[in-house]
Amino acid sequence: MQTRTLGTNGPQTSALGLGCMGMSALYGDSDRSESIATIHAALDAGVTLLDTGDFYGMGHNELLINEALRTAPAAARERAQISVKFGALRTVEGGFTGYDGRPDAVKNFAAYSLQRLGTDHIDIYRIARIDPDVPIEETVGAIAELVDAGHVRHIGLSEVGAESLRRAAAIAPISDLQIEYSLISRGIEDAILPTARELGIGITAYGVLSRGLISGHFSRDRKLAANDFRGMSPRFQGENLARNLDLVEALRKIAEQKGVSVAQTAIAWVLSRGEDIVPLVGARRRDRLAEALGALDVTLDADDLAAVERAVPADAAAGDRYPADQMAHLDSEH
Ligand SMILES: NC(=O)c1ccc[n+]([C@@H]2O[C@H](COP(=O)([O-])OP(=O)(O)OC[C@H]3O[C@@H](n4cnc5c(N)ncnc54)[C@H](OP(=O)(O)O)[C@@H]3O)[C@@H](O)[C@H]2O)c1
């Protein structure tokens, strides 16, 4: 497995991480035994970085990772690096009602996560979205206290903008910023990515397949379950979906010429953007995981990269990456 290092002070991880969210939430129903088999297959292949959130299925995802690590070959926990997001407030019905970044809440969330994960430390800990009522310095300061106490190894951030990156980095070393980055979500290139690089902060890129939209497997007539985020996502609606899938067909021509898949081309493009970027892939089946890992063997040379950028120009996506109410929570978009 190829490796990358997250930021100046962060850990060395596998060059691809496994995002476990879809195994518990947001993309419709998933299969528990296949999810665990997928985590095992990832560990077998040398993937070390497992990304989760305590609110993915209200603890379901952490319990799933716990089970996967307990049932994997020996020493799986020692090899795995668990990245946990916290802070989202949920309703019994599954709604999102805000974020809590108060220092006492941070420590409370961590206590529950450690218990659910069945571990004595979290490798990277981060608030999912900034709590607008709590200065980021206080939230990051609370995680720094968890680092001092040995409960957390590294501090991460999620979906924050350049100014917040600076404020957080002034309080404690930050390993990585987790943020959406793909061929059709390139907003970080203007200010956020250069600031992260200046501060020695790595990037864990999510949505590298734009939640399946640019995987080459999504089609216009796919029926989405009522609990599937994509049913509300602007990029998956009507005319937007048609325009975005046209981009995928342009990408498919390049992938076919190279003898690789569309998903592999999209992941390889993110990998090509810098050694400081670790894509998280949201595979929840072993066949999808195998395809994603194949991207590590795909090299895009200068001609390939130019062709990809002609097929999918930087601002070509139709529709915002989140519905309007969720865009409002993104410090990275302000
Ligand atoms: N910090 C944040 O705000 C934030 C937000 C969202 C996600 N995340 C993290 O990032 C991870 C990845 O995000 P994501 O799941 O939205 O991204 P993604 O990898 O762009 O999308 C995953 C979706 O793509 C589909 N897909 C098709 N081919 C695939 C392949 N070869 N490999 C993997 N997936 C393939 C999957 O298929 P099927 O539908 O067929 O299973 C799944 O629906 C999440 O699991 C989560 O840990 C973080």
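Throughout, numbering of the chain's residues begins at 1 and tracks the sequence. Both counts, for ligands and for their atoms, begin at 1 and track the order of listing.
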Has [X] got any heavy atom lying under 4.0 angstrom from an atom of ligand 1?
X      : answer
Tyr322 : yes
Arg129 : yes
Arg230 : yes
Ala128 : no

*For residues Val278 and Leu49, determine if any side-chain heavy atom of one lies less than 4.5 Å from a side-chain heavy atom of the other.*
yes
Between [X] and [Y], is any side-chain donor less than 3.5 angstrom from a side-chain acceptor?
X      : Y      : value
Thr52  : Glu62  : no
His121 : Arg77  : yes
Thr48  : Gln81  : yes
His329 : Arg129 : no
Tyr322 : Glu159 : no
Asp31  : Ser33  : yes
Tyr56  : Lys85  : yes

*What's the shortest heavy-atom distance between Val262 and Val248, and which atoms?*
CG1-CG1, 4.0 Å
_On a heavy-atom basis, which atom in Arg286 and which in Ala41 lie closest, and how many Å separate them?_
CG-CB, 4.0 Å
Among protein heavy atoms, which lies nearest [atom], and at what distance?
atom                    : result
atom 25 (C) of ligand 1 : Gly212 CA, 3.7 Å
atom 11 (C) of ligand 1 : Gly19 CA, 3.6 Å
atom 44 (C) of ligand 1 : Met21 CB, 3.6 Å
atom 30 (C) of ligand 1 : Arg288 O, 3.5 Å
atom 10 (O) of ligand 1 : Tyr206 CB, 3.1 Å
atom 48 (C) of ligand 1 : Gln178 OE1, 3.0 Å
atom 14 (P) of ligand 1 : Tyr27 OH, 3.5 Å
atom 41 (O) of ligand 1 : Arg284 NE, 2.7 Å

Using a 4.0 Å heavy-atom threshold (strictly under), name the region of [X] that reaches ligand 1: side chain, backbone, both or neither.
X      : answer
Ser158 : side chain
Ser210 : backbone
Glu180 : neither
His217 : side chain
Tyr56  : side chain
Glu34  : neither
Arg222 : side chain
Ser30  : neither

*asked:* For Phe86, does the six-membered ring have the charged nitrogen or CZ of Arg126 within the cation-pi criterion, i.e. under 6.0 angstrom from the centroid and within 45° of the normal?
replied: no
*Please say whether the positively charged group of Arg235, taken as NZ for Lys or CZ for Arg, lies over the ring of Phe218, i.e. under 6.0 angstrom from the six-membered ring centre and within 45 degrees of the axis.*
no
*Would you say Gly282 has any N or O atom under 3.5 Å from an N or O of ligand 1, going by distance alone?*
yes
*Hey, is ligand 1 close enough to Ala263 that some N/O pair sits below 3.5 Å?*
no
*Taking the minimum heavy-atom distance to atom 13 (O) of ligand 1, which of Gly207, Cys20, Gly22 ranks first?*
Gly207
*Do the charged groups of Glu189 and Arg186 touch, with an N to O distance under 4.0 Å?*
yes
*Would Phe55 and Tyr99 count as a close aromatic pair, with their ring centres under 6.0 Å?*
no
